Protein chains: 2
Amino acid sequence: MSRAATTDTPARLTKGERTRLAMVETAIDILDEEGPDGLTLQGIGERLGLHRTAVYRHFASRDELLAGAMEYLFSQMYEQMTLPQDPRGRISAIALEMRRMFHRHPGAAAMFVTVGEEWTSSSALERVILQALRDMSVDEKDLATVYQALESYVVGSTLFDFSGAPHHLEMRRRRHAASGDQSLMRTASSTARIDATNEAAFTWGLDALLDAL
Amino acid sequence: MSRAATTDTPARLTKGERTRLAMVETAIDILDEEGPDGLTLQGIGERLGLHRTAVYRHFASRDELLAGAMEYLFSQMYEQMTLPQDPRGRISAIALEMRRMFHRHPGAAAMFVTVGEEWTSSSALERVILQALRDMSVDEKDLATVYQALESYVVGSTLFDFSGAPHHLEMRRRRHAASGDQSLMRTASSTARIDATNEAAFTWGLDALLDAL
DNA sequence: ACCTGAACACCGTTCAAGT
DNA sequence: ACCTGAACACCGTTCAAGT
């Protein structure tokens, strides 16, 4: 059941590199299963049969480990992604792939804000989006504003929807169930419907923003 | 300079209620000055000349104190708000007022995700928005989706923009400065320009979403 | 090179004791 | 009623010591 156990780790890695990778994957596993509060160096050590201070052989700090996990998820997403030809489709694909990645790893969403660094994979995607906006002939004086609106929407709403993981769906379900509103209460019949509504809302909003260009 | 010191506290409150209120206001002060990491019960106690365990006289836990601070900010915002007649203007006003509140208290933005409860003030605003959407004759089958899209955009992008407070502007400025993109680097000339771009992006996105209705 | 073990400062929280 | 002080479990982090 542990994703870390099933991921094929290239045999050509040194022991240190293998341990480092295992720590990153274990961190993501814990994040998904228990949420950000459950992620401690103690817990990572236990799952790997190591002392909690062993992490410092491979990372300068807990934050560096989190940054490593973020970079791991983004580079994995970046490699698997195939971008369509038309600029609007390219932006949409990146946004949906990122959403899908955090949907698979909701516990990692809360991490995104914590990690302040810029990673190679995310800045590569940034360049693709900026190029696509120029291909759509967005005026250069509006470019920074439009780019920021898209980034804040895509990352922000995903962050918000998945915060509180792994109980985010149940939390929102209860809130809607208690709202007293007919339509909201109908979607609150199950977490599956909450999830479906969240995803439909995301794509609706994304299309609305792209339509406005 | 401390907002807690200048806020007029009604004299009719009991000592316990005054202490409770002071703790909430001090928590918000610390959040704005030092960010979420700087907020400890120790720190609150020190500013009030109390022992750190005194908080438990007034709140069941640290999380309850955070929920109290959130409720404090929202109810304050709710009381001061004057809503326009037209439904679209009402939604827009609520969104912009909330943005303004978090712009004044960026450190509190990170708290929003932590606090999972529903407060009276926020559910009151929820009802206003749902009514406005119905006044705009949004189909009942789309209502939950549209509401969720608006909520996730408004809260999520605000959350994202202000996360990392109190250094959020400088962090984004550095990221844009290092992007290598002409337009992004131009906005990275100062944190004031970053701030202006963020706010312009928020209103642009909000209008795009409301236009799509 | 990689990891352990002890130690440190700092958390949130509990509870008996003070006034 | 309101607060203190000691105590507890648990953090992240440092560093000398082991192999």
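Bear in mind the structure is a predicted one, so any value in this text is a computation, not a measurement. Quick note on labels: first sequence line is chain A, next is B, and so on, each numbered from 1.
A side-chain donor-acceptor contact under 3.5 Å links R173(B) to the backbone of A188(B). In terms of modelled atom types and a separation under 3.5 Å, the side chain of Y153(A) and the main chain of S152(B) share no donor-acceptor contact.
Rounded to whole angstrom, the span from the CG atom of D63(B) across to the P atom of dG12(C) amounts to 10 Å. Here the P atom of nucleotide dT13(D) and the CZ atom of F59(A) are 13 Å apart, to the nearest Å. In this structure, Q42(A) atom CD and dC11(D) atom C1' are separated by 9 Å, rounded to whole Å. As a whole-Å value, the separation of I44(A) CD1 from dT13(D) C1' is 14 Å. Whole-Å rounding puts the R62(B) CZ to dG12(C) P distance at 5 Å. The separation between D37(A) atom CG and dC10(D) atom P is 15 Å, rounded to whole Å. dA1(D) atom P lies 21 Å from atom OH of Y56(B), rounded to whole Å. Look at CG on L39(A): it is 12 Å from C1' on dC11(D), rounded to the nearest Å.
Both key distances under 3.5 Å define a Watson-Crick or G-U pair, and stretches of 3 or more such consecutive pairs in DNA chain D run C:4-8 with D:12-16, C:12-16 with D:4-8.
Between E64(B) and A60(B) the shortest heavy-atom distance is CG-CB, 3.9 Å. The two residues L209(B) and W204(A) make their nearest non-hydrogen contact at O-CH2, 3.6 Å. Closest heavy-atom contact between L73(A) and H105(A): CD2-CD2, 3.6 Å.
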Where along nucleotides 2-9 of chain C does protein come under 4.0 Å, by heavy atom, of base (B) or sugar-phosphate alone (S), with - for untouched nucleotides?
BBBBBB--

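Just one of T203(B), D161(B), N198(B) meets the side-chain hydrogen bond (donor to acceptor under 3.5 Å, both in side chains) condition when paired with R99(B); it is D161(B).
Pairs engaging residues 158-187 of chain A under the ring-ring contact (aromatic ring centres under 6.0 Å, His included) rule: H103(A)-F162(A), F162(A)-H168(A) [sequence neighbours left out].
Considering only heavy atoms from C-beta on, Q131(A) stays 4.5 Å or farther from R127(A) through its side chain.
Between F112(A) and F102(A), the two ring planes are perpendicular [angle over 60°; tilted spans 30° to 60°].
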